[in-house]
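The next block holds one structure in the form of structure tokens; read it before the comments.
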Number of protein chains: 2
Amino acid sequence: MIKEIPLKQANEPNVFLKEYESKFKALADEKRLQIMYELTQRGNTCVCDLTEIVDMPQSKLSYHLKILLDAGIITKETRGTWSYYEINQTEVSRILSEQLCCIFKPARNDGSDCC
Amino acid sequence: MIKEIPLKQANEPNVFLKEYESKFKALADEKRLQIMYELTQRGNTCVCDLTEIVDMPQSKLSYHLKILLDAGIITKETRGTWSYYEINQTEVSRILSEQLCCIFKPARNDGSDCC
DNA sequence: AGATTAAATCAAAAAAAATTGATTAAATGA
DNA sequence: TCATTTAATCAATTTTTTTTGATTTAATCT
């Protein structure tokens, strides 16, 4: 029963952990990853187009978009009756490795490819 | 209804997505992140010690360890009646950003700090 | 104003994941 | 051999998440 690190200290990072839990929860769904992929490929996209692209009923898509939005992984902009969603490149980069850039990060504008 | 990218092509990366879904699912739990944190800090650790460290009933810990193991995020080594678990640094680096290294990646042996 | 469209919200049902306590399997030691 | 220890597994329950279809809200258009 060797414990070099005191229990108290070890329990401290729980604040961080709770925050990351919600980020990873948002990422932990194939449909949401697909939405992220499409937003990455297409850039700023209207919900009305996205329902067809990901082939999902409107209320279901809305539910998943909200989860990604609340986690800060995507951003939303409303124009009139339309809502446009975009990937939050900054947040994605904060969480994910370089190796995942081809799938979930927009292509670089300098023409270089990262994987 | 603008769709520059054909639907067929857009649906192709679903194979990748399903794989990442299970990785992120494994990460999407505060208790599992805590287990990962402790394994990162302590290195190779026996389950018998871990139950005290993370303050969890044995069967519960075993359940969460299995999820992390199946996702390839940790590795297991059995010696006699004991099981020792260790963080899989390679896999963690494959998924997570450099910024998350302090929490979920072992400290570098060259003494440099990454965040 | 009245009709139409886009998208969020709601409540109920279904599905998936986590917890619990007990049991099992395998290795160790007296 | 028999008792003990470690850790995985199991089945039942609880909790959480997702899905579904209907409703609501708000903006636009005639």
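Bear in mind the structure is a predicted one, so any value in this text is a computation, not a measurement. Every chain is numbered from 1, with letters handed out A, B, ... down the list of sequences. These numbers come from the heavy atoms of this one structure, side chains and all, not from hydrogens, waters or symmetry mates.
We find that CG of A:L27 is positioned 16 Å from C1' of D:dT17, with the value rounded to whole Å. Taking atom CG on B:D49 and atom C1' on D:dT6, their separation rounds to 12 Å, with Å as the unit. B:E77 places its CD atom 18 Å from the P atom of D:dT6, with the value rounded to the nearest Å. The CG-C1' distance, from B:L33 to C:dA18, rounds to 15 Å in whole Å. The distance between atom CG of A:D55 and atom P of D:dT19, rounded to the nearest whole Å, is 13 Å. In this structure, CH2 of B:W82 is placed 14 Å from P of D:dA8, rounded to the nearest angstrom. Straight-line distance from the NZ atom of B:K76 to the C1' atom of D:dT9: 11 Å, rounded to whole Å. The separation between B:E30 atom CD and C:dA18 atom P is 13 Å, rounded to whole Å.
For the pair A:H64 and D:dT19, the criterion of a side-chain N or O lying under 4.0 Å from OP1 or OP2 is met. Distances shown here put every side-chain N or O of A:Y85 at or beyond 4.0 Å from the OP1 or OP2 atom of C:dA6. For C:dA8, one of the phosphate oxygens OP1 or OP2 lies less than 4.0 angstrom from a side-chain nitrogen or oxygen of A:S83.
Each of B:I67 and B:V54 belongs to its own hydrophobic cluster when Ile, Leu, Val, Met, Phe, Trp and Tyr are linked at side-chain heavy-atom distances under 4.5 angstrom. Linking ILVMFWY residues whenever their side-chain heavy atoms come closer than 4.5 Å, directly or via other members, leaves A:W82 and A:Y85 in distinct clusters.
If you check distances only, the side chain of A:Q58 never reaches the base of C:dA6 with a donor-acceptor pair under 3.5 Å.
Using a 4.0 Å heavy-atom cutoff across all strands shown, A:R32 reaches sugar-phosphate atoms only and no base atom. Counting non-hydrogen atoms under 4.0 angstrom, B:T78 reaches nothing in the nucleic acid. When heavy atoms are screened at a 4.0 angstrom cut-off, A:Y84 is found touching no nucleic acid atom at all. Counting any heavy atom pair closer than 4.0 Å across all strands shown, A:I67 reaches sugar-phosphate atoms only and no base atom.
You'll find that the side chain of B:K66 is closest to D:dT9, out of D:dT9, C:dT20, C:dA8. When the nucleotides C:dA7, D:dT9, C:dA8 are ranked by their closest atom to the side chain of B:S59, D:dT9 comes out on top. The listed nucleotides are C:dA8, C:dG21, C:dA18; the one nearest the side chain of A:S62 is C:dA8. Side chain of A:Y63, nearest nucleotide from C:dT20, D:dT19, D:dA8: D:dT19. Comparing atom distances between the A:D29 side chain and each of D:dT18, C:dA22, C:dA18 picks out D:dT18 as nearest. Considering only side-chain atoms of B:T81, the nucleotide from C:dT28, C:dT19, D:dT17 that sits closest is C:dT28. When each of C:dT20, C:dA8, D:dT18 is scored by its nearest atom to the side-chain atoms of B:K60, the top-ranked nucleotide is C:dT20.
Nearest-nucleotide positions on DNA chain D place A:K31 closer to the 5' end than the other of A:G80 and A:K31.
A:Y84 places a side-chain heavy atom less than 4.5 Å from the side chain of A:R79. A:T45 places a side-chain heavy atom less than 4.5 Å from the side chain of A:R42.
Taking the six-membered ring for Trp and thresholds of 30 and 60 degrees, B:F104 and A:Y20 have ring planes more than 60 degrees apart, a perpendicular arrangement.
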- Does the pair A:R32 and A:E30 meet the rule for a salt bridge (charged side-chain N to carboxylate O under 4.0 Å, His left out), with working shown? CA-CA 5 Å; A:R32 291 195 287 270; A:E30 196 184 2; over 6 Å; no

